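A quick write-up on the structure given underneath.
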Amino acid sequence: MRSKYVRLLRPIAWITFLLPFSVGLGLGITPDSNLLHIIFAFIAFSCWMSFSFIVNSIADKDVDKLHNGRSKDMNLAYQPIATSEITEKEALYLSMIFLFSSLFFAWLINPLFFLLILIVDGVGYIYSMPPTRLKARPIGDILCNTAAGGLIFIAGLSIGGANMFPLVILGAFVMTSIFYIPTVVTDHEFDKKAGITTSAVYFSPKKILQAMYPLTALLVIIALIILLTSNLELKVFASIVIIYTIPSTLVVNMNLKEERLFIHKNWILVPFTLISIASVGYGILKLFGLLILNSY
Ligand code: GPP
Ligand code: MG
């Protein structure tokens, strides 16, 4: 079995937020960006995720014991707090260290990046922890994940500062909410059993998946405007968004049988990892002046 600290931090689950962060970073970098800032940004990102997942496992310790291993990065019953391999107090200390480290490294980058990391740390906390515990409130779960994905995208953009356009940012928020919805549906059975009223439990899996259609339509409109009005780099980006999102929405809605969504987790994890690597690679090429699509 994986080390108890890896099971506490759940780095594989970070991939869902690594995608908006990396795409933002890739789009934002210019040949004038600072390599050290990029490294610090990844450390701040990892510390934010570590903080958010530790407080989540503290808040979820009783429900995680009921998990059967389905549709997740791991069987949550093996979370080290649920198995008592790590005490709640030790986890709390660790979460504090990660919280302060995320803020410290963010502060080394730029004031906007610092502010955004401060906010997403707060979102990570109110998502899991009482009294808010928004993950257990319909719409609250979607809003937190959409906010976190959109804001971490802006943080990524801000490292280099290019392409910080309102429409691009709006697109990132809409796209995050679209791709969050299937994940709350794959958790539906477990959340219902555990008595957690997520949006999927409240509205039903079918209804909440159907919400992907108007959101996809809105995203396509945004992407088309970007495609028609922006620079070459954003045109390519907008085309990829359209090509990736429309089939995803259709496939996800077609794979709901009864109340179960039959989508293997790798359908999210593998493309998200590949797109993240490609985005960071693209940003690095721009940084070293090896690929210039736009003139900065
Ligand atoms: C786990 O949530 C997800 C997180 C802790 C990341 C959320 C971070 C934000 C900043 C919103 P979960 O308890 O709903 O899922 P799981 O059952 O996989 O733990
Ligand atoms: Mg949890």
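Counting convention: from 1, in listed order, for ligands and their atoms alike. This chain uses plain numbering: 1 for the first residue, then up along the sequence. Only this structure's heavy atoms are used, side chains among them; waters, hydrogens and symmetry mates stay out. The model shown is predicted, which means the values in this text are computed figures rather than measured ones.
Closest to atom 14 (O) of ligand 1, if we only count protein heavy atoms, is Y127 OH, 2.7 Å. Of the protein's non-hydrogen atoms, the one nearest atom 5 (C) of ligand 1 is N56 CB, 3.3 Å.
No close placement of the F51 and W48 rings is indicated, their centers lying 6.0 Å or farther apart. With ring centers used as reference points, F179 lies under 6.0 Å from Y244.
At under 3.5 Å, not a single nitrogen or oxygen of D73, backbone or side chain, sits near a nitrogen or oxygen of ligand 1. Here's the thing with D187: none of its N/O atoms is less than 3.5 angstrom from an N/O atom of ligand 1.
Of the heavy atoms in T198, none comes closer than 4.0 Å to ligand 1. Within the 4.0 Å heavy-atom criterion, the part of W48 lying near ligand 1 is the side chain and not the backbone. Using a 4.0 Å cut-off between heavy atoms, D64 makes no contact with ligand 1 at all. Contacts of R10 with ligand 1, taken as heavy-atom pairs under 4.0 Å, involve the side chain alone.
Checking N56 against the Mg ion (ligand 2), an N/O/S atom falls under the 2.8 Å cut-off. Here D60 meets the criterion, with an N, O or S atom under 2.8 Å of the Mg ion (ligand 2).
Considering R260, K265, K72, K192 in turn, K72 is the only one that fulfils the salt bridge (charged side-chain N to carboxylate O under 4.0 Å, His left out) rule with D187.
Among S128, A147, A136, G124, the residue whose heavy atom lies closest to atom 9 (C) of ligand 1 is G124. Of the listed residues (Q79, K72, M74), the one carrying the non-hydrogen atom nearest atom 15 (O) of ligand 1 is K72.
Two residues are said to be in side-chain contact when any heavy atoms from C-beta on lie closer than 4.5 Å; F114 and I109 fail this criterion.
Counting the atoms of ligand 1 from 1 in the order shown, those under 4.0 Å from a heavy atom of F53 are 1 (C), 3 (C), 4 (C), 5 (C), 6 (C). Residue contact check: A148 has heavy atoms under 4.0 Å from atoms 10 (C) of ligand 1. Interface of K135 with ligand 1, defined as ligand atoms under 4.0 Å from a residue heavy atom, comprises 12 (P), 13 (O), 14 (O).
The main-chain N or O of L134 is never found under 3.5 Å from a side-chain atom of T132 such that the two would form a donor-acceptor pair.
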Next on the checklist: As a quick check of understanding, evaluate ring-ring contact (aromatic ring centres under 6.0 Å, His included) for F153 and F173, giving each step before the final call.
Outcome noted: CA-CA 9 Å; F153 173 81; F173 277 97; 8.4 Å; no
Checklist entry - Does the side chain to side chain contact (heavy atoms under 4.5 Å, CB included) test come out yes or no for R10 and N56, once each step is laid out? => result CA-CA 11 Å; R10 297 173 61 185; N56 183 261; 4.0 Å; yes
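Under the 4.5 Å side-chain heavy-atom criterion for Ile, Leu, Val, Met, Phe, Trp and Tyr, I43 and L287 are members of the same hydrophobic cluster.
Scanning both residues, F203 and I208, for their nearest heavy atoms gives CD1-CD1, 3.8 Å.
Rounding to the nearest 0.5 angstrom, the gap separating the NZ atom in K235 from the CG atom in L228 is 7.0 Å.
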